[in-house]
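Presented below is the structure to which this report refers.
Naming convention: chains lettered A, B, ... in sequence-line order (proteins, then strands); numbering from 1 in each chain. Model, not experiment: these values are computed from the prediction.
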Amino acid sequence: MHDATINKKVLLVDDDVITLIAHRLSLEELGFEVDEAKNGQEALNKFTKNISSYELILMDYNLPDTNGGIVAQKIRSMVNPNQQHPLIIGVTAHIEKDIIQKCLSMGMDDVTSKPLLPDKIQTLLHKIALRSPNDQFHNSLNKKGNYEIHQ
Amino acid sequence: MLYNGFVNCLKKAETKRIKALSITNSCAPDQIPSAFQLLIPNIVSLMEANIDHLCNNDQIVACFGLQVTSGTIQSNLPRQLNRIHYPLQPDLHLCCILTYLVVEHNTPLLNLNWHSYYSLIIDFTSGYLMDSNHLIYQMLKQDKPGHVYGQLNQMLLKKAWNLTNKERQTINNVFYSKKPIFYLQGESANA
């Protein structure tokens, strides 16, 4: 589908193995390189080791050791304010406004609901492309005609 | 479905070896239509029938979570049976993950952490109860076939879907109705 050399790295944070498999498949098909973490601590460890390499972090809200908002907050605090932080998207089964608001106020860039269907993945790609409109990823998506950017 | 509603239904259906455990913030059943609470006693019965698969003789199962799965089965069954949960992707089944802890008999069901939980999958479209491996097998048509625990009572399942569809229809009618739902004094519906 997309250029396999795009090489954008994603960190998936979710305790549920089915979620990890489903999201991994969708994202790999789009050319992403995927890392996984099953709880907040594992996510922070992986992020610390690869601090500048993740383009996108998909974060579950309900984690066994903490909540995704706290992890997002810690990740944001680790990134140099002069640098662009990875796009942190909460992926949750919650639909309550206060949880979504909480996620946003704690440092997530956006929140989307589970399941992460193809149309929502397209929206995520849109957000990534808007952040870096001149890079190879954006050009590749536009060239192939299956993605349209509205700036 | 509200989390408290789910836990209360579980509590009413508890057996000697299948218990309800309330861990708020462990899951969000929000996207599951409330009518499916009807099936919780049936789910517990199926779990009880498969208790040897779920835990050892000296253990019990403490259920605490239910929410939609992120990966799900695709087939024409939702259209065939009028069980469409995702209108934008009508081929997707409504699959939910039920999470539980396995604890020793007589363990107080208080302040338990859920780091090491187990899960089973309920496909509310087909009615099958299965383990995660079977869902993955159905999703990817590869790997190990996993295990199917049984099938929900079809009459109850049909009832839950009918109630859900009826509720959705009512919401749609109200939402897309061109006429106002409430009329000011002196106005009439035929005006």
Problem - Which of A:I99, A:D15, A:D16 touches chain B most, by non-hydrogen pairs under 4.5 Å - result: A:D15
Handout entry: Over 12 foreign heavy atoms within 6.0 Å of CG, B:N106
Key = no
Practice task
Taking heavy atoms only and a threshold strictly under 4.5 Å, list by residue number the residues of residues 36-54 of chain B that touch chain A; give 'none' if the list is empty.
Solution key: none
Completion exercise
To the nearest 0.5 Å, atom CG of A:D14 lies from atom OG of B:S70 at 6.0 Å
Problem - B:Q74 atom CD, neighbour heavy-atom count above 12 within 6.0 Å - result: yes
Exercise for the section: Tell me, for A:S26 versus chain B, whether the close heavy atoms (under 4.5 Å) come from the side chain, the backbone, both or neither. Expected result: neither
Problem - Side chain, backbone, both or neither of A:N39 within contact of chain B (heavy atoms, under 4.5 Å) - result: neither
Practice task
May I ask whether A:F47 and A:L56 are part of the same hydrophobic cluster, defined by side-chain heavy atoms of I, L, V, M, F, W, Y residues being less than 4.5 angstrom apart, directly or through others?
Solution key: no
Exercise for the section: Using heavy atoms and a sub-4.5 Å threshold, report which of residues 4-19 of chain B line up against chain A, by residue number. Expected result: none
Completion exercise
Here the gap from B:H115 atom NE2 to A:K38 atom NZ, rounded to the nearest 0.5 Å, amounts to 14.0 Å
Handout entry: ILVMFWY network linking A:V91 to A:L104, side-chain heavy atoms under 4.5 angstrom
Key = no
Practice task
Examine B:Y149 and B:Y117 and state if one hydrophobic cluster contains both, with Ile, Leu, Val, Met, Phe, Trp and Tyr joined whenever side-chain heavy atoms are less than 4.5 Å apart.
Solution key: yes
Exercise for the section: Enumerate by number any residue of residues 79-105 of chain B whose heavy atoms lie under 4.5 Å from heavy atoms of chain A; in the absence of such residues, state 'none'. Expected result: B:Y86, B:L88, B:Q89, B:L92, B:I97
Handout entry: Enclosure of A:Y54 OH (heavy-atom neighbours >12, cutoff 6.0 Å)
Key = yes
Fill in the blank from the handout: Under a 4.5 Å heavy-atom criterion, the part of residues 61-79 of chain A in contact with chain B comprises A:N62, A:L63, A:P64, A:D65
Problem - Shared hydrophobic cluster for A:I100 and A:L87 (ILVMFWY, side-chain gaps under 4.5 Å) - result: no
Practice task
Search all heavy atoms of B:Q31 against all heavy atoms of A:P115 and return the closest pair with its distance.
Solution key: OE1-CD, 4.0 Å
Exercise for the section: Indicate if B:Y118 and B:I122 have the same hydrophobic cluster label, given that clusters are the connected sets of ILVMFWY residues with side-chain heavy-atom separations under 4.5 angstrom. Expected result: yes
Exercise for the section: Drop me the distance from B:Q67's CD to A:T19's OG1, to the nearest 0.5 angstrom. Expected result: 7.0 Å
Handout entry: Contacting region of B:N25 [heavy-atom separation from chain A under 4.5 Å]
Key = both
Practice task
Specify the closest pair of heavy atoms between B:G71 and A:A22, including all atoms of both residues, with the distance to one decimal.
Solution key: CA-CB, 3.5 Å
Exercise for the section: Measure B:S132 against the heavy atoms of chain A and call it side chain, backbone, both or neither at under 4.5 Å. Expected result: both
Problem - Atom pair CD1/CD1 of A:I18 and B:I121 - distance to nearest 0.5 Å - result: 3.5 Å
